[in-house]
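Here is the structure we will look at.
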Amino acid sequence: MEGSENMTTTVAFIGSGNIGSTVARLAIEAGHQVVLSNSRGPETLASTAAELGPRASAATSGEAAAAGDIVVVTVPVNAFPNLPAAPLAGKTVIDTCNYGPERDGHILELDSKALASSELLLRYIPDAMVVKAFNNIFFKHLLSLARPAGAADRSYLPIAGDSAPAKETVTEFIESIGYSVVDAGPLADSWRQATGTTVWGTPYGPFSNEKGQPVGEDAIRAALATATR
């Protein structure tokens, strides 16, 4: 399904940092509606929304959560307790978040590897359908490596989740914005694409090369398979 055929998808963002704003830009280019939010309030996103054009708007995080057909959560892991759980109930939620103790503080369940960070997220929004995606690619590469469907040099992104319908929704969205998808398994396996694993950043090239390099399905599958915890 191409975005141009599906003009009605509203993609809402809780958090509007580098990855969030990049996904928003790609979503707008694919014909989707975008609702931006952050912890500081919609007025701080007015210029970003204006720059993205008439299909973008800014809202509170609660309003964004309620508005989205898909909701992209792209916040520090230590901000999970502040997420609006009620309006996220029943929603397909894309989790782009990476745990970093130097920023987030130490979180016992994550340090002990008892949980993947997406499983921790699900504790705070238990009625949402969480799919891990976009957390393993540098935002500049995400922008520059998008390719139309059928392109020989189209790149693959891993996704993990427990809900088959949510995964299908996220796959359709990712395909509409210029990427193909590798199913990396259930949410419990989302650690395979966490910070520092083989599939995190490295396949798409060094951060110093802003263009990045296209990555095919086999390379992503191999990287996921060699991940260690």
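These figures come from a predicted structure and were not determined experimentally.
Both Val34 and Ile94 are members of a single hydrophobic cluster when ILVMFWY side chains are connected at heavy-atom separations under 4.5 Å. No path of Ile, Leu, Val, Met, Phe, Trp and Tyr side chains, each step under 4.5 Å between heavy atoms, connects Leu120 with Val72, placing them in separate hydrophobic clusters. Taking hydrophobic clusters as Ile, Leu, Val, Met, Phe, Trp and Tyr residues chained together by side-chain heavy-atom distances below 4.5 Å, Phe139 shares a cluster with Val215. Val77 is connected to Leu83 through a chain of hydrophobic side-chain contacts under 4.5 Å among Ile, Leu, Val, Met, Phe, Trp and Tyr, so both are in one cluster. Met129 is not connected to Val75 by any chain of hydrophobic side-chain contacts under 4.5 Å among Ile, Leu, Val, Met, Phe, Trp and Tyr, and they are in different clusters.
Contact record, Asp183 with Arg221: O-NH1, 4.1 Å, taken as the closest heavy-atom pair. Counting all heavy atoms, side chain and backbone alike, Ile177 lies closest to Ala146 at O-CB, 3.6 Å. In terms of heavy-atom proximity, Ser118 sits nearest to Ser190 at CB-OG, 3.7 Å. Nearest heavy-atom pair, Asn18 versus Thr22, reported as atom, atom and distance to 0.1 Å: O-OG1, 2.7 Å. Annotation for Ala184 and Asp189: closest pair O-CB, 3.8 Å, computed over non-hydrogen atoms. For the pair Gln193 and Pro158, the tightest heavy-atom approach, listed with the atom from each and the gap, is NE2-O, 3.3 Å.
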Q) Between Asp69 and Thr92, does a side chain to side chain contact (heavy atoms under 4.5 Å, CB included) hold up when you go through it step by step? A) CA-CA 7 Å; Asp69 299 311; Thr92 294; over 6 Å; no

Q: Please report the C-alpha distance between His106 and Tyr99 in whole Å, then the side-chain angles of each, then the deciding distance to 0.1 Å, and finally whether the side chain to side chain contact (heavy atoms under 4.5 Å, CB included) criterion is met.
A: CA-CA 9 Å; His106 284 280; Tyr99 170 54; 4.1 Å; yes

Q. Can you list the steps and then say if Val73 with Phe13 is a side chain to side chain contact (heavy atoms under 4.5 Å, CB included)?
A. CA-CA 6 Å; Val73 171; Phe13 292 81; over 6 Å; no

Q. Where do Glu168 and Ser163 land on the side chain to side chain contact (heavy atoms under 4.5 Å, CB included) test, with the steps shown first?
A. CA-CA 9 Å; Glu168 192 175 315; Ser163 162; over 6 Å; no

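Of the candidates Thr74, Thr48, Thr60, Thr44, Thr44 is the only one forming a side chain to side chain donor-acceptor pair (under 3.5 Å) with Asn38. Of the listed residues (Asn135, Ile220, Leu142), just one forms a side chain to side chain contact (heavy atoms under 4.5 Å, CB included) with Leu157, and that residue is Leu142. Of the candidates Leu88, Val11, Asp95, Leu88 is the only one forming a side chain to side chain contact (heavy atoms under 4.5 Å, CB included) with Val71.
With rounding to the nearest 0.5 Å, the separation of CD in Glu217 from OG in Ser155 is 12.0 Å. The line from OH of Tyr179 to CZ of Arg154 is 9.5 Å long, rounded to the nearest 0.5 Å. Distance check, rounded to the nearest 0.5 Å: CG of Asn136 to OG1 of Thr195 gives 10.0 Å. Going from atom CZ of Arg192 over to atom OG1 of Thr198 covers 9.0 Å, rounded to the nearest 0.5 Å. Summarising the geometry, atom CH2 belonging to Trp191 is positioned 13.0 Å from atom OG belonging to Ser117; distances are rounded to the nearest 0.5 Å. Rounding to the nearest 0.5 Å places CD of Glu119 at 9.5 Å from CG of Leu110.
Residues Phe80 and Ile125 have side chains not in contact (no heavy-atom distance under 4.5 Å, counting atoms from C-beta outward). Contact check for Ile159 versus Lys132: no side-chain heavy atoms found under the 4.5 Å cut-off. Thr96 has its side chain out of reach of Val23: every pair of non-hydrogen atoms, C-beta onward, lies at least 4.5 Å apart. Between Leu121 and Leu187, every side-chain heavy-atom pair lies at or beyond the 4.5 Å cut-off. Within the 4.5 Å cutoff, no side-chain heavy atoms of Phe173 are placed close to those of Val170. Between Arg123 and Leu115 the shortest side-chain heavy-atom distance falls below 4.5 Å.
In the model, His32 has a side-chain atom that pairs as donor or acceptor with a side-chain atom of Ser176 under 3.5 Å. A donor-acceptor contact closer than 3.5 angstrom is absent between the side chains of Tyr156 and Asp218.
Take Glu51 and apply the salt bridge (charged side-chain N to carboxylate O under 4.0 Å, His left out) test, not counting sequence neighbours, and it matches Arg25. Among residues two or more places apart in sequence or in another chain, the side chain to side chain contact (heavy atoms under 4.5 Å, CB included) test is passed with Phe138 by Lys140, His141, Phe207. Annotation: salt bridge (charged side-chain N to carboxylate O under 4.0 Å, His left out) contacts of Asp153 (sequence neighbours excluded): Arg147.
By the 6.0 Å contact criterion, CZ on Arg229 is enclosed, its count of non-hydrogen atoms from other residues, nucleotides or ligands being greater than 12.
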